[in-house]
Every structure is written in structure tokens, then in C-alpha cells.
Asker: 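Handing you this structure, nothing more for now.
Chain letters run A, B, ... following the sequence lines, proteins first and then strands; every chain starts at 1. Everything numeric in this text was worked out from a predicted model, so none of it was measured.
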Number of protein chains: 2
Amino acid sequence: MATIYEVSALAGVSLSSVSRVLNDHEHVSEKTKKKVMAAMAELEYRPNSVARSLASSRSDSIGVLVSELHGPFFGDMLSSIELALRNAGKHAVITAGHSDEESEKEGLDFLIDRNCDALILLVDAMSDDDLITLSRKKIPFVILNRNIPEIRGNCFYLDNELGGYLAAKHLIECGHKDIAYISGPLSKQDSTERFTGHKKALIEAKIPFNKALFYEGDYLTQSGRDGINDFIKNKVLFTAVACANDEMASGAMRGARDNNIDIPSDCSIIGFDNAYFTEYLFPQLSTINNPIKAMAKMSTQWILKNVYKQKDLDIKNLFSPELIKRESVVKVLAGIKK
Amino acid sequence: MATIYEVSALAGVSLSSVSRVLNDHEHVSEKTKKKVMAAMAELEYRPNSVARSLASSRSDSIGVLVSELHGPFFGDMLSSIELALRNAGKHAVITAGHSDEESEKEGLDFLIDRNCDALILLVDAMSDDDLITLSRKKIPFVILNRNIPEIRGNCFYLDNELGGYLAAKHLIECGHKDIAYISGPLSKQDSTERFTGHKKALIEAKIPFNKALFYEGDYLTQSGRDGINDFIKNKVLFTAVACANDEMASGAMRGARDNNIDIPSDCSIIGFDNAYFTEYLFPQLSTINNPIKAMAKMSTQWILKNVYKQKDLDIKNLFSPELIKRESVVKVLAGIKK
DNA sequence: TTATAAAATGAAAGCGCTTCCAGTATTTTG
DNA sequence: CAAAATACTGGAAGCGCTTTCATTTTATAA
């Protein structure tokens with residue numbers, strides 16, 4: 001591998017000049033620039049990124065820490081981040097926290113040790129306080145899918161309450177009154193927000209909230225199925241169920257089938273997130289779109305703007321959910337159901 | 001940030017000694033080791049990975065190039081790689097080729113420029129020749145999901161033919177004789193291999209291959225649906241359909257429903273890959289397991305062994321598919337179907 | 001034309017570490 | 001107990017680049 005030294009020798013200029021053309025500095029004459037470029041081409045010179053990094057204390061790399069690497073979201077998110085970053089000549093260093101607090105912190109240290117210029121965090125296990133503490137250190141970072149008021153400017157998140165509201169409202173508008181709700185774990189912020197939105201829609205429609213129609217799941221498929229079975233066991237009537245994510249909704253569909261309940265003619269189901277597999281389901285799942293790609297892209301824009309000082313980038317932190325109507329929700333028929 | 005220099009000063013030893021304990025060298029006395037460790041702890045010293053990299057020309061990073069970042073496989077694969085790597089103190093630098101040859105090559109250069117110690121490639125667009133050429137360069141690499149005979153030792157791949165065979169055989173054993181096949185693009189190696197296995201099972205069972213029951217899809221959902229519609233349009237009889245991947249199988253399920261064909265009572269369907277969403281489908285899709293996680297893990301083991309000289313690691317290159325029986329395949333009933 | 005500002009260039013220090021080499025201290029061996 | 005082997009330690013060069021500073025060249029103004 002040719003070094004900058006050989007380029008300078010071949011071009012007949014100093015190291016500094018080569019470095020200058022490499023970094024697009026002003027104050028380099030066209031003439032030397034040409035000479036240097038020619039020498040670089042001839043030697044097939046490729047700058048050593050490690051050496052650059054050491055000398056400049058920039059690494060052109062962004063650390064990405066996610067709680068889990070699998071699941072329907074991660075691919076979309078990362079794809080979006082990677083593309084935006086690479087277009088800007090940067091790159092992603094990926095690490096997973098495997099949903100364990102200790103492991104997440106380790107991952108964080110790992111990325112910091114790697115001299116990342118900035119961090120993108122999509123973490124569950126770490127506490128708000130940990131993140132607020134981190135914000136006092138010098139490494140810039142953004143947080144995806146979470147809203148911490150103290151550092152709101154660094155957070156990119158969905159209006160979960162609105163999402164929960166939209167889902168419930170859609171069911172209500174289809175004539176449903178007995179609406180079950182399968183929630184995510186209430187220890188998680190997004191779960192409570194979605195649930196809040198759900199209740200809000202009920203209140204607005206003057207539908208009393210029936211505790212027997214609430215089930216706290218864990219965002220995994222099986223808990224959707226469990227939820228349905230729980231409702232059935234309790235002999236509580238419902239013509240629709242709203243689920244706090246699509247995995248649970250798919251579980252709920254199965255749970256309904258277990259009990260000979262046809263979707264959607266006997267019972268409508270709506271999910272949340274618009275994971276890509278929702279289209280594969282039968283019936284295709286109506287759901288709430290979670291613009292994770294847009295959020296991911298925005299988070300990289302924040303970094304481009306604030307860390308790499310690129311201009312003309314608008315930043316928005318709050319993203320809006322949208323109703324996606326597909327096949328799993330239908331109008332309640334004239335007569336009483338079931 | 002404290003540097004090694006400050007550590008050496010505080011500990012009262014030379015730079016070299018600090019570096020030695022940092023790198024677990026032999027020939028350091030317990031005494032100095034203790035002093036150095038104490039100094040490191042006191043200063044909360046963290047070695048600068050970039051400087052280490054420059055001085056040692058190792059980066060402890062492995063480049064991962066995938067053709068696409070989304071889709072059902074990527075998360076599992078990456079999760080597996082990342083975990084194995086991090087346990088070994090290494091890390092992953094991820095890049096996507098976005099299924100475009102130019103872009104894949106760019107990604108490759110990108111990773112090489114980053115001084116990766118090794119590469120893991122899961123690429124579609126690059127040709128065998130490109131990869132063989134790469135093998136002559138000094139950077140070590142492995143290839144996932146592809147078998148290039150000239151560099152077989154670097155390839156980790158599935159026995160696709162066996163997979164195709166197993167799927168067809170399962171259908172045959174369930175009494176099916178009129179078996180449709182929805183293939184992936186025949187330009188891809190895995191597609192032709194899977195199809196070869198399929199035909200082999202037919203031959204073995206003395207079932208003639210009916211061209212009208214073959215449809216070449218593109219591995220995407222829609223083409224599964226199209227395949228079914230094609231068969232229907234041609235008025236060809238079938239009681240089962242084997243699909244070359246799960247996406248197309250999910251499309252085929254939908255296509256069947258479009259035509260009022262019940263799965264599995266009117267028609268059995270089997271997929272390929274065992275993507276995680278297959279369990280969400282109704283009926284749950286019978287399929288062929290593709291042990292992508294195991295392959296991914298094995299590829300990192302190869303790197304640990306060959307690049308980082310870890311001992312006691314067994315390497316295998318060929319992985320075996322396995323039949324996963326779920327709900328979408330049933331025995332053909334006594335009478336003639338349909 | 002000369003004084004002055006601006007642009008272009010090169011020399012050299014240094015980023016934080018590894019590693020080779022030589023030298024000193026400690027063991028081992030006969 | 002001396003000689004030889006071995007363990008330990010420090011000095012110093014160097015990894016390939018950026019960046020500051022001083023110097024030289026060129027453009028601009030008076």
C-alpha cells in the first residue's frame with residue numbers, strides 16, 4: 001500500500017500539500033493539485049483511515065447500539081442509517097446490548113473506546129438517568145424511539161399516544177364498542193403511551209373502559225394468543241381487539257382461530273408498527289404505521305448537522321403514526337355480534 | 001482521557017512495560033503488573049483503539065458486507081455474528097451493497113480502507129470471479145450462503161439441493177403426486193440447486209416432471225401469488241406446491257385464497273428457509289430450516305481461528321437443511337382432490 | 001515601483017500506541 | 001562460584017497521517 005509519503009515524492013511536493021488536497025483544503029494551487037491527483041492515481045493510493053483518525057481525532061464512524069439485532073425493525077432501521085451515513089462518507093459500527101443492562105453499558109463503552117464521532121442509541125435496558133449522565137460527556141448522541149424530556153432535542157420518537165388513539169378510533173368508527181386491548185409491558189414508556197391513547201379514544205366516544213378487556217402482554221407473539229384466551233376464559237364479549245404491536249396481533253389472530261373466531265367477520269383486529277410481515281398475514285393486518293425508517297434517517301441527519309456541521313438540514317424530533325387500513329378490521333354488522 | 005504515558009508516569013515504569021501489561025505479554029513481573037494496573041484504575045485509563053490499530057496494524061474489527069440489510073435473515077445473521085465477535089473482543093463494521101454490483105464493490109473498498117482484519121461477505125451481485133480475485137489479495141474473508149469451488153474453504157453454505165429434495169420428498173410422502181414448484185430466479189445458484197433437489201425427489205418417486213407446474217419467481221412475495229395464478233390460468237391440476245423460499249410461499253398462500261383453495265385441505269404448501277414469520281402465518285408454514293445463524297457463527301469462528309489464531313475451533317463449511325413440519329402440509333385424502 | 005496583503009508551500013512536531021533492540025537483573029547449571 | 005541462560009525493563013523508532021508555524025511566492029494596492 002502506497003503511503004502519502006510516496007505520493008508526495010512522486011508528485012514532487014511536500015507531505016503537507018498532499019494532505020491538503022486529500023482534505024480539500026483551500027489554498028492549494030490547481031497545479032499542485034493536478035500533480036498530486038496524478039500521483040495518487042498512478043500509485044492507486046488509498047489513505048489509511050486509521051492514521052487519519054489518530055492524527056485528526058475524527059473517525060468518521062458512528063456507533064450504533066441497539067438492544068436487539070433481530071426482529072422486524074432492526075433491518076429497516078439499520079438499512080436506513082447505513083445508507084444515509086455512507087452517502088455522507090461515514091460508516092456504522094454496530095453493537096447489540098442483547099436487552100441486558102450490563103451488556104448495553106458494555107456496548108456503549110465499546111463504542112466510545114472505538115473513537116466513534118457520535119452514537120445512535122436504540123436501547124431498552126438503560127435508564128433515563130444513565131442517558132442523561134451520558135449527555136454530560138463530550139460524545140454526541142441521539143436516542144431513537146424514546147423520549148426523555150431533559151434531552152428531548154436528542155430524541156427521535158413516535159407519538160405513541162396518537163397511535164393508540166388512531167387505532168382505537170378506527171375500531172370505534174367501524175361501529176365497535178366492545179374493544180379488547182392487548183398491551184405491551186407497562187414498564188415500557190411506549191406501552192403506556194399507546195394505552196393512554198387507546199383510553200382517550202374510548203373516553204371521547206363515551207365508551208366505558210372495561211378492565212376485563214385489558215391484557216398486559218410482553219410484545220411477543222405468544223402473549224397475543226394468551227390475551228385472547230384470557231378474554232375467552234373470562235367469558236367477556238368483544239368484537240374487536242387492539243394490540244400494542246404487530247407480533248401480539250399475529251398471536252391474537254391465532255388465538256382467535258383457536259377459539260373458532262373468524263377474523264375479521266367475528267372479530268376485528270388491529271396491530272401497531274406496520275412490521276413488514278403484516279402483509280403476509282391472512283387476513284392482512286390493519287395497523288398503525290411506525291415510521292422507523294424516517295426516524296432513523298432523521299437521527300443521522302442530526303449527526304450530520306451537529307457533528308459534521310453540514311448545512312441546510314431540518315430536524316424534527318416527533319414523528320406521527322398513521323392508520324393503515326387492510327383486511328383485519330371491518331365494520332360491525334347491523335345485528336349484535338356473536 | 002488519560003494516555004499510556006500518564007499511566008507509565010504514575011506507575012513509575014516505562015511506556016513499554018505499560019504496553020506489555022496492556023497486551024498480556026509474557027515477561028512482566030507481578031510487581032510491575034500490579035503497579036500498572038493500579039495506575040490504570042486510578043486514571044480510569046482506556047486504551048485508544050485507533051492508536052493501537054495504527055501501531056500494530058490490527059484493527060480488531062471485522063467488516064460485514066451484505067447485499068441487503070433488511071429482510072428476515074439479516075437480523076438473525078448479524079445478531080449471531082456480533083455476539084460471537086464481541087465475545088472475542090472484536091467488532092463488526094457493517095455495510096450494505098443494496099443489491100447493486102457497483103455499490104457492493106464500493107462497500108468492499110470501504111471496508112478494506114477501514115483496515116478491517118477480515119471480511120464476512122453475504123453478497124449477490126458480485127461475480128464468482130470478483131471474489132476469486134479478492135482471494136488473491138491479502139485480506140482474509142469468508143463468504144456466506146454461496147459456494148465457490150475454487151475457494152470452497154472460505155465458503156459457508158447450505159446444501160440447497162438436499163433442502164429441495166427434502167421438501168419435495170415430504171410432499172410425496174404425504175401422498176402428493178401433482179406437485180407444483182415455484183422457483184427463485186434461476187440465475188441464482190441457490191435457486192437452481194433447490195430446484196435440482198426437487199426434481200431429484202420426483203425422479204426417485206417416478207413422478208414425471210410437468211413443465212406446466214413450474215413457475216420461475218423472484219423470491220419476493222408477489223411472485224408466489226403470481227405463480228399460483230399462473231397454474232390456475234393454465235388449468236393444471238395440483239394438490240401441493242413447493243416454494244423456493246418462505247416469502248413466495250406466503251404469496252402462494254394468498255394466491256390460493258384468491259382462488260378459493262383452502263390451505264392445507266385443498267392444497268399443501270411448503271416453503272424454504274424457516275424465516276421467523278412463518279410461525280405467524282395461518283396455517284403455520286411447513287418449511288425447510290436454513291441454519292443461517294449457525295453458518296454466521298461458523299464464519300466468525302473461521303476468522304477467529306485463521307486470523308486471530310485461536311485454537312481448538314472446528315470448522316465446517318457445508319450445512320444441512322432440515323424439514324420443519326407445521327400446518328401447511330397434510331396427507332392427501334383417500335379420494336382424488338379437487 | 002515598492003509596500004502590503006494574501007495565497008501557496010514545506011518543515012517538523014505530534015496523535016497514542018507497539019515493538020525491536022539492547023541492557024540489566026535474576027536464575028539455572030555444571 | 002563462574003558461566004550461561006533466562007526473565008525483565010527501558011529507550012527509541014516508527015505506524016501514516018494532520019496541523020501549526022514559518023517561509024516563500026504571487027497578487028493587489030498605493
Side-chain angles (χ1 to χ4, degrees), chain A residues 1-40 43-61 89 112-117 138-139 308-309, chain B residues 1-40 43-61 89 112-117 138-139 308-309:
Chain A
M1 263 302 175
T3 71
I4 198 176
Y5 188 82
E6 299 165 44
V7 174
S8 91
L10 183 60
V13 300
S14 71
L15 279 195
S16 335
S17 291
V18 178
S19 176
R20 279 189 199 98
V21 347
L22 212 50
N23 293 287
D24 250 344
H25 264 261
E26 41 183 8
H27 302 323
V28 240
S29 69
E30 274 307 312
K31 208 179 65 191
T32 56
K33 195 167 178 174
K34 281 242 172 63
K35 282 193 290 185
V36 169
M37 302 280 252
M40 283 181 173
L43 295 170
E44 294 186 21
Y45 170 74
R46 313 218 53 143
N48 179 322
S49 63
V50 175
R52 298 184 85 167
S53 203
L54 181 60
S56 66
S57 59
R58 276 179 300 98
S59 67
D60 288 339
S61 74
I112 295 175
D113 285 352
R114 293 285 163 177
N115 280 41
C116 292
D117 294 339
K138 64 185 163 311
I139 185 159
Y308 299 114
K309 308 300 176 196
Chain B
M1 264 300 175
T3 71
I4 199 175
Y5 189 82
E6 299 165 46
V7 174
S8 92
L10 182 60
V13 299
S14 71
L15 277 195
S16 333
S17 291
V18 178
S19 175
R20 278 186 201 102
V21 346
L22 211 53
N23 293 286
D24 250 344
H25 263 261
E26 43 183 7
H27 303 323
V28 238
S29 69
E30 274 306 312
K31 210 178 64 190
T32 55
K33 194 168 180 175
K34 282 240 171 66
K35 283 193 291 186
V36 170
M37 301 278 251
M40 283 179 173
L43 295 170
E44 294 186 21
Y45 170 74
R46 313 217 52 142
N48 179 321
S49 63
V50 176
R52 298 183 85 168
S53 203
L54 181 60
S56 67
S57 59
R58 278 178 298 99
S59 65
D60 288 338
S61 75
I112 294 174
D113 285 351
R114 293 285 164 178
N115 281 43
C116 292
D117 294 340
K138 67 186 163 308
I139 187 161
Y308 299 114
K309 307 303 175 194

Asker: Rounded to the Å, how far apart are Ile4(A) CD1 and dT18(D) C1'?
Answerer: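 It works out to 8 Å between those atoms.
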Asker: What distance do Glu30(A) atom CD and Met37(A) atom CE have between them, rounded to the nearest 0.5 Å?
Answerer: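 Going from the CD atom of Glu30(A) to the CE atom of Met37(A) covers 8.5 Å.
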Asker: Calculate, to the nearest 0.5 Å, the distance between atoms NZ and NE2 belonging to Lys33(A) and His25(A) respectively.
Answerer: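 Between atom NZ of Lys33(A) and atom NE2 of His25(A) there are 11.5 Å.
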Asker: From dT19(C), dG14(C), dT9(C), pick the nucleotide closest to the side chain of Arg20(A)?
Answerer: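 Looking only at heavy atoms from C-beta outward on Arg20(A), the closest nucleotide is dT9(C).
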Asker: Just the rounded figure in Å: distance from C1' of dC15(D) to CG of Asn48(B).
Answerer: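 From Asn48(B) CG to dC15(D) C1': 13 Å.
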Asker: Kindly compute the distance separating CZ (Arg114(A)) from OG (Ser59(B)), expressed to the nearest 0.5 Å.
Answerer: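 So the gap between those two atoms works out to 7.5 Å.
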Asker: Round to a whole Å and report the spacing from CG of Asn115(A) to C1' of dC17(C).
Answerer: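 Answer to the nearest Å: 12 Å.
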Asker: Over all strands shown, is Ser19(B) touching base, sugar-phosphate only, or nothing at heavy-atom distances under 4.0 angstrom?
Answerer: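 Base contact - Ser19(B) has a heavy atom under 4.0 Å of at least one base atom.
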Asker: Closest approach to the side chain of Ala55(A), judged atom by atom: which nucleotide of dC15(C), dT9(C), dC17(C) is it?
Answerer: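 The answer is dC15(C).
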Asker: In whole angstrom, give the distance that lies between atom NZ of Lys35(B) and atom C1' of dT9(D).
Answerer: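 From Lys35(B) NZ to dT9(D) C1': 10 Å.
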Asker: Specify the separation, in whole Å, of atom NZ of Lys31(A) and atom C1' of dT25(D).
Answerer: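 Interatomic distance, NZ of Lys31(A) to C1' of dT25(D): 10 Å.
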Asker: Select base, sugar-phosphate, or nothing to describe what Val18(A) touches, counting heavy atoms under 4.0 Å on all strands.
Answerer: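 No contact.
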Asker: Atom CZ of Arg58(A) and atom C1' of dC15(C): how far apart are they, to the nearest Å?
Answerer: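 To the nearest whole Å, that distance equals 13 Å.
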Asker: Which one, dT18(D), dC17(D), dC17(C), comes nearest to the side chain of Asn23(A)?
Answerer: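 Nearest listed nucleotide: dT18(D).
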Asker: Which listed nucleotide (dT18(C), dT9(D), dG16(D)) is nearest to the side chain of Ser14(B)?
Answerer: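 The closest nucleotide is dT9(D).
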Asker: Applying a 4.0 Å non-hydrogen cut-off, can you work out what Ser17(A) is touching in the nucleic acid: base, sugar-phosphate, or nothing?
Answerer: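 Contact class for Ser17(A): sugar-phosphate only.
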Asker: Just checking Val50(A): base, sugar-phosphate only, or nothing, at a heavy-atom cut-off of under 4.0 Å?
Answerer: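 Answer is nothing: Val50(A) stays at 4.0 Å or more from every strand.
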Asker: Any idea which of dA8(C), dC17(D), dT19(C) is nearest the Ser29(A) side chain?
Answerer: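 The nucleotide sitting nearest to the side chain is dA8(C).
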Asker: Can you check the Tyr5(B) OH to dG11(D) C1' distance for me, whole Å?
Answerer: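 Roughly 12 Å, once rounded to whole Å.
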Asker: Which part of the nucleic acid does Thr32(B) contact within heavy-atom distance under 4.0 Å: base, sugar-phosphate only, or nothing?
Answerer: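 Contact class for Thr32(B): sugar-phosphate only.
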Asker: How many whole angstroms separate atom CG of Asp113(A) from atom P of dG16(C)?
Answerer: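 In whole Å, dG16(C) P lies 14 Å from Asp113(A) CG.
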Asker: Does the side chain of Leu10(B) reach to within under 4.5 Å of the side chain of Tyr45(B), using non-hydrogen atoms?
Answerer: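 Result no, sub-4.5 Å side-chain heavy-atom pair not found.
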Asker: If you measure from CZ on Arg52(A) to CD1 on Ile4(A), what distance do you get to the nearest 0.5 Å?
Answerer: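 Going from CZ on Arg52(A) over to CD1 on Ile4(A), the span is 8.5 Å.
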Asker: Just compare dT18(D), dT18(C), dA7(D) and give me whichever is closest to any side-chain atom of His27(B).
Answerer: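 Nearest nucleotide to the side chain: dA7(D).
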Asker: Go through the N and O atoms of the side chain of Ser16(A) and the base of dA11(C), and report whether any donor-acceptor pair is under 3.5 Å.
Answerer: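 Yes, a donor-acceptor pair under 3.5 Å.
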